[in-house]
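Structure first, commentary second.
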Amino acid sequence: MECIFCRIVKKEIPCHRVYEDDKVLAFLDINPLAKGHTLVIPKKHTYKLEDLEEEDAKALLMATYKLAPKVCSAMKSPASTIAINNGRESGQEIEHLHIHIIPRFRNDGGGPIHAIMRYRPNISREEMNRIVKQIREA
Ligand code: 5GP
Ligand code: ZN
């Protein structure tokens with residue numbers, strides 16, 4: 001079965017369109033975590049951020065950069081959480097890349113990004129040195 005978000009791009013499934021250009025579509029999440037919860041997606045089917053071609057990545061991030069403050073001003077929210085579940089193991093349910101823009105308020109009952117993980121690893125200074133080396137070399 002074809003991807004739901006591809007079908008939304010093709011207008012086979014309706015959505016509340018917020019913004020559209022030749023590379024990007026933004027629409028309201030059907031099951032919002034807050035009023036104005038918006039999804040920004042590349043029109044071309046892509047699973048993860050790193051699978052995007054550079055031009056599509058630029059367009060996606062630029063659209064998010066421009067849209068996030070507009071969503072907040074429309075919803076009168078002083079803040080937002082902007083996040084990607086990037087891959088199945090991180091909780092991505094729809095396997096078409098999407099950036100969540102979630103308007104946030106003081107005492108809205110939500111948590112910060114740091115609430116994602118229940119446990120944190122204990123990492124020694126030596127291991128931190130190894131990790132930074134691994135990442136820089138990758
Ligand atoms: P994920 O967990 O993959 O990062 O989030 C997928 C998001 O897509 C969820 O917040 C879910 O509510 C939203 N979603 C799933 N199906 C549809 C749909 O058919 N239309 C819209 N507008 N949003 C959807
Ligand atoms: Zn798709």
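Scope of the values below: all heavy atoms of this structure, side chains included, with no hydrogens, waters or symmetry mates. Each ligand, and each atom within it, is numbered from 1 in the order the structure gives.
- Here the protein heavy atom with the shortest distance to atom 22 (N) of ligand 1 is L28 O, 2.9 Å.
- Heavy-atom separations between H100 and ligand 1 include at least one value shorter than 4.0 Å.
- By the 6.0 Å contact criterion, OH on Y65 is open, its count of non-hydrogen atoms from other residues, nucleotides or ligands being 12 or less.
- The Zn ion (ligand 2) is closest to atom ND1 of H45 (considering only N, O or S atoms).
- Ring-plane geometry between H100 and H37 is classed as tilted, the angle between the planes lying from 30 to 60 degrees on a 0 to 90 degree scale.
- The closest approach between any non-hydrogen atom of G91 and ligand 1 is below 4.0 Å.
- Less than 4.0 angstrom separates some heavy atom of E93 from each of these atoms of ligand 1: 1 (P), 2 (O), 3 (O).
- Looking at H96, its N, O or S atom nearest to the Zn ion (ligand 2) turns out to be ND1.
- For the pair T46 (side chain) and K48 (backbone), a donor-acceptor distance under 3.5 Å is absent.
- The closest non-hydrogen atom to atom 21 (C) of ligand 1, taken over N86, I99, L33, I30, comes from I30.
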Dump the intermediate steps for side-chain contact (heavy atoms from CB on, under 4.5 Å) on Y19 and K66, then the final yes or no.
-> CA-CA 10 Å; Y19 169 81; K66 293 200 166 164; over 6 Å; no

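- D29 OD2, 3.4 Å is the protein heavy atom nearest to atom 7 (C) of ligand 1.
- Close contacts of ligand 1 with N85, meaning ligand atoms under 4.0 Å from a residue heavy atom, involve 1 (P), 2 (O), 4 (O).
- Residue H98 places a heavy atom under 4.0 Å from ligand 1.
- Close approach to F27 involves these atoms of ligand 1, each under 4.0 Å from a residue heavy atom: 21 (C), 22 (N).
- Ionic pairing of K44 and D56 is present here: one or more N-O contacts between side-chain nitrogen and carboxylate oxygen are shorter than 4.0 angstrom.
- By the 3.5 Å distance cut-off applied to N or O atoms, I94 is counted among the residues near ligand 1.
- When only modelled atom types and interatomic distance are considered, T81 and R104 share a side-chain donor-acceptor pair under 3.5 Å.
- Close to ligand 1: I8, with a non-hydrogen atom less than 4.0 angstrom away.
- Those atoms of ligand 1 that come under 4.0 Å of a heavy atom in I4, given as number and element, are 19 (O).
- Side chain of E53 to main chain of E55: no donor-acceptor pair is present (N/O by atom type, distance under 3.5 Å, no hydrogens or angles).
- Of all the heavy atoms of I13, none lies under 4.0 Å from any atom of ligand 1, so neither backbone nor side chain is involved.
- Checked for salt-bridge contact, E93 and R88 miss the test: no charged N lies under 4.0 Å from a carboxylate O.
- Using a 4.5 Å heavy-atom threshold, the side chains of L39 and F5 count as touching.
- Taking 4.0 Å as the cut-off between side-chain N and carboxylate O, R130 and E126 do not count as a salt-bridged pair.
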